[in-house]
**Student:** 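This structure is in structure tokens; I'll ask about it shortly.
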There are 2 protein chains.
Amino acid sequence: MVGKQMDGRHAKTELFDAFGSVAKALSSGRRAEIVDILAQGERPVEEISREISQTVANTSQHLQLLLRAGLVSTRRDGTRIYYSLSGPSVYRLWAAIRSVAQDHVAQLDDLAASYLGDRSALQSVTRSELRQRLQSGDVTVIDVRPQQEYASGHIPGAISLPVKELDKRLDQLPNDRTVVAYCRGPYCVYALDAVRTLSRHGIEAVRLEDGYPEWKEAGLPVEADKQLEPGEPRPTAAPRES
Amino acid sequence: MVGKQMDGRHAKTELFDAFGSVAKALSSGRRAEIVDILAQGERPVEEISREISQTVANTSQHLQLLLRAGLVSTRRDGTRIYYSLSGPSVYRLWAAIRSVAQDHVAQLDDLAASYLGDRSALQSVTRSELRQRLQSGDVTVIDVRPQQEYASGHIPGAISLPVKELDKRLDQLPNDRTVVAYCRGPYCVYALDAVRTLSRHGIEAVRLEDGYPEWKEAGLPVEADKQLEPGEPRPTAAPRES
DNA sequence: TGACTATTCAATTATCTACTTGAATATGGC
DNA sequence: GCCATATTCAAGTAGATAATTGAATAGTCA
């Protein structure tokens, strides 16, 4: 043989340790949050650190661990370093982890409820339902993530209406059509908050059952604004003057 | 609200820590090996400990960690406790980890080569190829895993011929038909060893590109010997007397 | 060039992990 | 009830991990 049965156990240990190191990269809740954010598109360190409520130094260390493990890659743009997922298999791994947690972690529903609030009163639509209703044109779809995430990829036909601006821009929404809100995924509060806000203002609103990354992963059509600067004119909701 | 924005960060931390704990369960190479074995079917502690070359006490602790994390469940049968994967999402998670490692861990090919040996000379067939050739009946398919694993599920039409017995039972194989060997999955040595052994003896042999769990996961037909006792008459290769 | 900003590095701390060893439980056969 | 076997528990150790703090790089822009 090729020197393999020489020490099969040692080689097997090293091989499976390599698989273990991939899992270890996601074994920290903070790194799981990072991957969830990067699933929306690339981000510089400082923004990630704000999202996960950690110091920049600590976030940088988490990111470098993810980088060494191969799950993310970097791109320098001037003084900023943008991190992104290395490929679609990384997102699929993240989705697989959520799925196991959903299926087999007893407390998960409680934890989700205490972060997301009570979802029982809020209606949701599936991806295929939304797709049909988009084609027949009888809904307004809003992307309630930060505009930057909308810019790096969104559902065609959706308008960008970040949940933080929702209160100020309610008048831009029709009140004779159902509004469908979507955000980062099944454990993101934005769409839920948006639906709650809209309902409170008498606008019929539902949410997409999961988020943009799941839509994209399912192979459904997506659209991106190529080069959008930070504080740029961006797609808005229904034009005021109409 | 429902007491959620009271401490959204704390709730988010706990939720994502729960996802992290799922990944952490697979962050040890030894536990990854355990999951790979349990993907073949349930197993008692002592056998698992032998497979992963660890003491029974240490293996037991790994298993209990997997149990607490929700990835495995147990069944008592007399004095033995059989561990098994809690559900299909756990296998999918394991497959997702391998896939990320394959795509993004630089040294993986080297590690795999040093455990599995040089695969370049050995032919493999895909699942769909194998399925077609099974239907046209022009191949002999052998399951080279330990017979117990064959018993708890195998490809219909395959015969059990554990790689450890292959040398003694070569005469049970036809030498006028191609033999297809399969085993536990893409990082299992058994099918590779079997193909090498058969080729050395002048029998045309190829391997299935991956293993039984992948076949089953793909939704292809499977077959199981329901209640098979440990040292029982088992399905054998071609009958001697024919 | 020099001030400014984004990111990384280095050193430290408290906590956790994998594995070992030896003893404790629990079940089934006699 | 008692022995044998399978599994778990408990205590200990060496090494790893997440987060903190403060300093060091490496680009940008005036």
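These numbers come from the heavy atoms of this one structure, side chains and all, not from hydrogens, waters or symmetry mates. If you're wondering where the values come from, they're calculated on a predicted model, not measured in any experiment. So you know, we letter chains A, B, ... as the sequences are listed, proteins then strands, and number each from 1.
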**Student:** Tell me, which pairs form a side-chain hydrogen bond (donor to acceptor under 3.5 Å, both in side chains) where one or both residues lie in residues 66-77 of chain B, sequence neighbours left out?
**Tutor:**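 Of all non-adjacent pairs touching residues 66-77 of chain B, those that pass side-chain hydrogen bond (donor to acceptor under 3.5 Å, both in side chains) are B/E42-B/R75.
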**Student:** Does OP1 or OP2 of D/dT17 have a side-chain N or O of A/K24 closer than 4.0 Å?
**Tutor:**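 The answer is yes; a side-chain N or O of A/K24 sits under 4.0 Å from OP1 or OP2.
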**Student:** Between A/R31 and A/G78, which residue's closest nucleotide on DNA chain D lies nearer the 5′ terminus?
**Tutor:**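 Nearer the 5' end of the strand: A/R31.
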**Student:** How long is the line joining CZ of A/F16 and C1' of C/dA18, in whole Å?
**Tutor:**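 So the CZ-C1' distance, A/F16 to C/dA18, works out to 18 Å.
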**Student:** Just N and O in the side chain of B/H62: are any of them under 4.0 Å from OP1 or OP2 of C/dT17?
**Tutor:**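 For B/H62, the contact criterion (side-chain N or O under 4.0 Å from OP1 or OP2 of C/dT17) is not met.
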**Student:** Quantify the bending of the helix from C/dT1-D/dA30 to C/dC30-D/dG1 as the angle between its end axes, each fitted on five pairs, to 10°.
**Tutor:**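 Helix axis angle between the two ends: 30°.
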**Student:** Name the residue closer to the 5' end of DNA chain D, choosing between A/R30 and A/D77 according to the nucleotide with the nearest heavy atom.
**Tutor:**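 By nearest-heavy-atom nucleotide position, the 5'-most residue is A/R30.
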**Student:** Could you list the residues that satisfy side chain to side chain donor-acceptor pair (under 3.5 Å) with A/S99, not counting sequence neighbours?
**Tutor:**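 Residues passing side chain to side chain donor-acceptor pair (under 3.5 Å) with A/S99: none at all.
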**Student:** To the nearest Å, how far apart are A/R75 CZ and C/dA6 C1'?
**Tutor:**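 Taking CZ of A/R75 and C1' of C/dA6, I get 14 Å after rounding.
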**Student:** Just by distance, with hydrogens left out, do A/S160 and A/D143 show a side-chain donor and acceptor under 3.5 Å apart?
**Tutor:**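 Checked: A/S160/A/D143 side chains show no N/O donor-acceptor pair below 3.5 Å.
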**Student:** Send over the distance from B/L65 CG to C/dT17 C1', rounded to a whole Å.
**Tutor:**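 These atoms are roughly 9 Å apart.
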**Student:** According to side chain to side chain donor-acceptor pair (under 3.5 Å), who are the partners of B/Q40, at least two apart in sequence or on a separate chain?
**Tutor:**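 B/Q40: side chain to side chain donor-acceptor pair (under 3.5 Å) contacts with B/R145.
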**Student:** For B/D109 and B/Q102, work out which heavy atoms get closest and say how close.
**Tutor:**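 Heavy atoms only, the tightest pair is OD1-NE2, 3.6 Å.
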**Student:** Once you measure the plane-to-plane angle for A/F19 and B/W94, does it fall in the parallel (<30°), tilted (30-60°) or perpendicular (>60°) bin?
**Tutor:**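 Plane angle over 60°, so perpendicular.
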**Student:** Spell out protein contact along nucleotides 1-15 of chain D as letters: B when the base is contacted, S when just the sugar-phosphate is, - when no protein heavy atom is under 4.0 Å; keep the 5' to 3' order.
**Tutor:** ----BSSBBB-----
**Student:** Restricting to side chain to side chain donor-acceptor pair (under 3.5 Å), what partner residues turn up for A/Q61, sequence neighbours left out?
**Tutor:**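 In terms of side chain to side chain donor-acceptor pair (under 3.5 Å), with neighbours along the sequence ignored, A/Q61 is linked to no residue.
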**Student:** About how many Å separate OH of B/Y190 and NZ of B/K164, when rounded to the nearest 0.5 Å?
**Tutor:**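 Reported to 0.5 Å precision, the distance equals 5.5 Å.
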